[in-house]
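Quick notes on the structure that follows.
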Amino acid sequence: MSFDTLGLKAELLRAVVAQGYTTPTPIQSQAIPVVLDGHDVLAGAQTGTGKTAAFTLPLLQRLDDGTGHHKHPRALILTPTRELAAQVAESVETYGAHLKLRHTVVFGGVGFNPQADKIRRGVDIIVATPGRLLDHANQRTVDLSHVQILVLDEADRMLDMGFIHDIRKVLALLPGKRQNLLFSATYSDDIKKLADKLLRDPVLIEVARRNTTAETVAQAAYRVDRQRKRELLAKLINEGDWHQVLVFTRTKHGANRLAKQLESDGITTAAIHGNKSQSARTSALAGFKTGKIQALIATDIAARGLDIDRLPHVVNYELPNVPEDYVHRIGRTGRAGEEGVALSLVSGDEVSYLKSIERLLKRKLDVEIVPGFEPTGDDGPSEDDDRPPRGHNPRRGGGRSQAKPATRSAGEGHNRNRPGHQDKANSSQPAANQSRRRRPAPRSM
Ligand code: AMP
């Protein structure tokens, strides 16, 4: 399979070749012809599958109708986080390099007026987080009544972050006749409801989840006392000569503390989470990409959507209390066919999290003990959590707990009107081990 057979015009193929891509990924080969044909799409695909190009390339082609400049945006791409919005906009720029379409990116935490000026000058495509886009709509700096194509990227995360009300408000501003593309890594009942409301006779596309591409991600777990995790991590980084490692903590507080500790171990480190300013996050990410920063410590939400090519190492410093987050985390490594290593440091109190993850993956992870770091059973005082567990209560033996009000990291995008979290324990996963495509209704999933 090559890109030439998908129906893309020469200008787009040139841009793809310039990226060094020779073969479309499964989501690309399935979605591109369908989107070009004007169908609505419900795609089960997560970051790392090449989903951004899967919707961006055909979207650019459909907008490039040779009719010259349009005053109002004709495509809207909504994303849950600022980072993802910025990365999608980068892809629009890259793939649209040889077309005359104009785009802009709109998210909170940065100046409103420069965005308004850019929109007023005329753009074909807007990439946005929902809250700031609504601010623009309310200030009448954007007119969404000409939008022909709507993309909801990482729709599950948008719902998780409480954006459903904002999404509904945005939908009310769009014309009824348009093409809708919904991308989501998981299919919760809420996603199905949204898909039912939004999509007309959608083509369903599912591609393998990252956890099933096990040949490119080596996963292992080390059992270790909690208070010795930092020491073990520093040893792994130093002795393994790791130059680029993304480390996940459960909390913002934990991310900051670990970053400080690793710095004192001589490892250049930065933390990235919702309490950091946009400029601090951007510069940490840039430093990490260029190799100036060796270890980037991130919380789940902050890391969502980060596009870092060929990330060799991902460490779960703390296991996520939501098993699906494990899949998202390790999706950061071994991307687009590259090899990667995902390691988890598991303290005694996290063994139940590990079991939940293994149940989700339907496989056991190798649990090893590093000589000199044998667990004593003493995990020390418990860490303070700045986010309550969702859909999992280890004290109740991993049963489905009642949803508590969310305190997910604030500051990722614009999360006004947050109604509390969705209980992801109810998510049903797309079938894992094969790519397939079906038509019709999303209810069948
Ligand atoms: P995404 O799932 O859109 O976040 O993309 C994941 C990564 O795969 C990005 O770093 C892309 O640059 C890369 N990528 C996308 N399409 C291809 C392709 N056809 N071949 C190789 N790499 C790709």
Side-chain angles (χ1 to χ4, degrees), residues 1-8 12-33 35 41 43-61 77-97 105 125 127 151-158 181-186 205-213 215-217 244 246 285-286 288-290 296 298 300 302-312 314 327-340 342 430 435:
M1 170 67 84
S2 93
F3 276 99
D4 301 347
T5 59
L6 299 177
L8 292 170
L12 291 168
L13 292 175
R14 261 168 69 204
V16 166
V17 168
Q19 287 302 296
Y21 307 158
T22 49
T23 316
T25 65
I27 186 79
Q28 291 163 0
S29 57
Q30 292 177 67
I32 289 172
V35 178
V41 166
Q46 58 184 198
T47 311
T49 54
K51 69 181 169 60
T52 315
F55 62 75
T56 303
L57 288 166
L59 176 147
L60 287 166
Q61 177 146 331
I77 304 170
L78 287 181
T79 73
T81 63
R82 303 162 187 179
E83 279 81 9
L84 186 59
Q87 282 164 15
V88 170
E90 229 173 79
S91 294
V92 171
E93 172 86 33
T94 303
Y95 301 130
V105 60
I125 302 153
V127 187
V151 181
L152 297 187
D153 192 14
E154 305 200 352
D156 50 348
R157 252 323 127 122
M158 280 198 267
L181 314 176
L182 193 155
F183 284 74
S184 182
T186 54
I205 299 172
E206 284 177 29
V207 297
R209 297 175 63 78
R210 297 300 305 183
N211 58 311
T212 63
T213 58
E215 64 282 5
T216 63
V217 182
Q244 204 184 33
L246 178 61
L285 184 59
F288 187 56
K289 281 186 175 180
T290 56
L296 186 67
D300 288 289
R304 181 73 179 166
L306 289 186
D307 179 10
I308 305 157
D309 279 339
R310 291 185 287 280
L311 195 52
V314 167
V327 178
H328 291 306
R329 288 178 177 190
I330 72 161
R332 319 309 324 172
T333 183
R335 314 189 67 191
E338 299 290 331
E339 299 244 319
S435 296

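One-based numbering, in listed order, for ligands and for the atoms of each. Heavy-atom basis, side chains included; hydrogens, waters and symmetry copies ignored. All values derive from a computational prediction rather than experimental measurement.
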With heavy-atom distances below 4.0 Å as the criterion, list the atoms of ligand 1 near [X].
X   : result
T23 : 18 (C), 19 (N), 20 (N)
F3  : 19 (N)
T52 : 1 (P), 3 (O), 4 (O)

* **ligand 1 versus Q19: contacting region, heavy-atom distance under 4.0 Å** => neither
* Does Q28 reach the main-chain N or O of G50 with its side chain, forming a donor-acceptor pair under 3.5 Å? -> yes
* Does any N or O in the side chain of T25 come within less than 3.5 Å of the main-chain N or O of T49, such that one atom is a donor and the other an acceptor? -> yes
* Asked: Looking at ligand 1, does any of its N/O atoms fall within less than 3.5 Å of an N/O of Y95?
  ->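 So ligand 1 has no N or O lying under 3.5 Å from an N or O of Y95.
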* Asked: What about G50: any of its N or O atoms under 3.5 Å from an N or O on ligand 1?
  ->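 Min N/O separation from ligand 1 is below 3.5 Å for G50.
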* Asked: Is there a side-chain contact (heavy atoms from CB on, under 4.5 Å) between D153 and Q87 once you walk through the steps?
  -> CA-CA 12 Å; D153 192 14; Q87 282 164 15; over 6 Å; no
* **Side chain to side chain, L6 and P24, heavy atoms closer than 4.5 Å** =>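 Contact flag for L6/P24 side chains = yes.
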* To do: Side-chain contact test, heavy atoms from C-beta onward, threshold under 4.5 Å: evaluate it for L13 versus L8 and give yes or no.
  => yes
